[in-house]
Amino acid sequence: MPELPEVETIRRSLQEPLEGARLLSVQVRDRRLRRPIAVAALERLNGRQIADIGRRGKYLLLHLVGGGGLLIHLGMSGRVVLVPRDTVLDLHDHVCWQFEGDGARCGVEMRFRDPRRFGLVLSRATGDLGEHPLLASLGPEPFDAAFSVDYLRERAARSRRPVKNMLMDASVVAGLGNIYVCEVLWAAGVNPKTQAGRISPARWARVREATIEVLAGAIDQGGTTLNDFRDPSGEMGYFQVRLQAYGREAQPCLRCGSSIRRISQSGRSTFYCPGCQH
DNA sequence: CGTAGACCCTGCGCGC
DNA sequence: TGCGCGCAGGGTCTAC
């Protein structure tokens, strides 16, 4: 569910309420995530103050004053929600944090909720979270200058894999997932099956621009709300990104009118327009 | 090395 | 109304 725009939306909405807040206590109700939660290590962060909230690809980084912090990945079904303390627990609220502080802060609770448990909650007591080994192999951020046409050409050189698979590879570019890759390739007018190594520089330029535009547009709108994605304040249906290709099988292409086609690539659905994506 | 496929887990919508 | 099936936006590991 959550790709870069959703994680960025969460980051922005956590920043104001949590920046400067001090962790008070934590409860782990189910430690069985992608990696088992290290409960004692999480508890050891009690009393520490949140410096700011960052993001790298689809990872949320809660940096603590003096180093260390929380690294959260939402997997397919994960969410981070802020609720009033003692709000009735959801069945899949796996971790709950309470905060010290004045006024509203001490009455708020942050929860990690994840039905499918593909998500991740890791903690570090010291050091720069950005140096975490899990982040080491991530490619550049799409909005970073390093995500350039030359870079894309270099990574694609001699590669026979479909451009869609290349863009889904987090070591090529961080934060893109299945939905937004489909949207990017539709916007760029590039066929997802095209071998990466056969794409011209001019078309890479279009892919790069489309990536930035599509993601920026989605962040503006606050991320998709397919299914029941909520932002941390609990609002629902507030954000709704208009998808041009993803999920529109058999519907007319919004650019050329051809029927949107759905195929499977590496086990994941791809939606594209056979009429105008070449 | 690069690539494709299986796998992890629960929930939902659909057709019967 | 109930049930079984296929599918779901994540990453990681293995085998070729």
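Every chain is numbered from 1 and lettered A, B, ... according to where its sequence line falls, protein lines coming before strand lines. For clarity, every value in this text was computed on a predicted model and none was experimentally measured. These numbers come from the heavy atoms of this one structure, side chains and all, not from hydrogens, waters or symmetry mates.
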ask   = Using purine N1 to pyrimidine N3 plus N6-O4 or O6-N4 for Watson-Crick, or N1-O2 and O6-N3 for G-U wobble, both under 3.5 Å, which nucleotide pairs with dG10(C)?
value =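 Its partner is dC8(B).
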key: Nucleotide paired to dA15(C) in any strand shown, Watson-Crick or G-U, under 3.5 Å   =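 Pairing partner, where one exists within any strand: dT3(B).
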message = I'd like to know if Arg117(A) reaches the base of dC9(B) with its side chain such that a donor and an acceptor end up less than 3.5 angstrom apart.
response =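 Answer no: no donor N or O sits under 3.5 Å from an acceptor.
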ask   = When only distance counts, do a donor and an acceptor, one from the side chain of Arg161(A) and one from the base of dA4(B), lie under 3.5 Å apart?
value =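 Not at all, since no donor on one side and acceptor on the other fall under 3.5 Å apart.
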Closest approach to the side chain of [X], judged atom by atom: which nucleotide of [options] is it?
| X | options | value |
| --- | --- | --- |
| Tyr246(A) | dT10(B), dA4(B), dA8(C) | dA8(C) |
| His92(A) | dA4(B), dG10(C), dT10(B) | dT10(B) |
| His73(A) | dT10(B), dG9(C), dG11(C) | dG11(C) |
| Leu134(A) | dT12(C), dG9(C), dT3(B) | dT12(C) |
| Pro115(A) | dT10(B), dG10(C), dT3(B) | dT10(B) |
| Tyr59(A) | dT12(C), dG10(C), dT3(B) | dT12(C) |

For the pair made of [atom1] in [X] and [atom2] in [N], what is the distance, rounded to whole Å?
| X | N | atom1 | atom2 | answer |
| --- | --- | --- | --- | --- |
| Arg155(A) | dT3(B) | CZ | P | 10 Å |
| Met168(A) | dG9(C) | CE | P | 8 Å |
| Asn165(A) | dG9(C) | CG | C1' | 16 Å |
| Leu4(A) | dG9(C) | CG | C1' | 13 Å |
| Leu33(A) | dG11(C) | CG | C1' | 13 Å |
| Phe271(A) | dG9(C) | CZ | P | 8 Å |
| Lys164(A) | dT3(B) | NZ | C1' | 15 Å |
| Asp169(A) | dG2(B) | CG | P | 10 Å |

query = Any sub-3.5 Å donor-acceptor pair from Glu183(A)'s side-chain atoms to Ala245(A)'s backbone N or O?
reply =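 Yes.
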ask   = On a whole-Å scale, what distance lies between the P atoms belonging to dC9(B) and dC3(C)?
value =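 Taking atom P in both dC9(B) and dC3(C), they lie 24 Å apart.
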task = Check whether any side-chain nitrogen or oxygen of Ser77(A) sits under 4.0 Å from OP1 or OP2 of dG10(C), and answer yes or no.
result =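 No, because none of the side-chain N or O atoms of Ser77(A) sits under 4.0 Å from OP1 or OP2 of dG10(C).
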inquiry  = So, does Asn178(A) get its side chain near the phosphate of dG10(C), meaning an N or O under 4.0 Å from OP1 or OP2?
reply    =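 For dG10(C), neither OP1 nor OP2 has a side-chain N or O of Asn178(A) closer than 4.0 Å.
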request  = Tell me which of Arg158(A) and Arg268(A) sits closer to the 5' end of DNA chain B, going by the nucleotide each one is nearest to.
outcome  =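 Of the two residues, Arg158(A) wins.
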task = Report the residue from Lys58(A), Arg56(A), Arg55(A) that forms a salt bridge (Lys or Arg N to Asp or Glu O under 4.0 Å) with Glu8(A).
result =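 Among Lys58(A), Arg56(A), Arg55(A), the one that satisfies the salt bridge (Lys or Arg N to Asp or Glu O under 4.0 Å) with Glu8(A) is Arg55(A).
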ask   = Is the charged tip of Arg111(A) near the ring of Trp97(A): under 6.0 Å from the six-membered ring centre and within 45° of its axis?
value =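 The answer is no, since Arg111(A) fails at least one limit relative to Trp97(A).
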inquiry  = With nearest nucleotide decided by heavy atoms, which residue, Arg116(A) or Ala170(A), maps closer to the 5′ end of DNA chain C?
reply    =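 Residue closer to the 5' terminus by nearest nucleotide: Arg116(A).
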Between Ser25(A) and Asn46(A), a side-chain donor and acceptor under 3.5 Å =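 Looking only at side-chain atoms, Asn46(A) and Ser25(A) do not form any donor-acceptor pair under 3.5 Å.
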message = Any donor-acceptor pair under 3.5 Å linking the side-chain atoms of Asn178(A) with those of Lys164(A)?
response =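 Yes, Asn178(A) and Lys164(A) have a side-chain donor paired with an acceptor closer than 3.5 Å.
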Reckon [X] touches a base, only the sugar-phosphate, or nothing at all at heavy-atom distances under 4.0 Å?
| X | value |
| --- | --- |
| Arg262(A) | sugar-phosphate |
| Gly177(A) | sugar-phosphate |
| Asp114(A) | nothing |
| Arg34(A) | sugar-phosphate |

ask   = Has Phe118(A) got its ring stacked on the base of dC9(B), with centres under 5.5 Å and planes less than 30° apart?
value =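 Per 5.5 Å and 30° rule: no stacking.
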Sole residue of Gln277(A), Lys193(A), Arg248(A) in side chain to side chain donor-acceptor pair (under 3.5 Å) with Tyr272(A) =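 Considering Gln277(A), Lys193(A), Arg248(A), a side chain to side chain donor-acceptor pair (under 3.5 Å) with Tyr272(A) is found only for Lys193(A).
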query = When the ring planes of Phe112(A) and His94(A) are compared, do they come out parallel, tilted or perpendicular, using 30° and 60° as the limits?
reply =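 Answer is tilted, since the angle falls between 30° and 60°.
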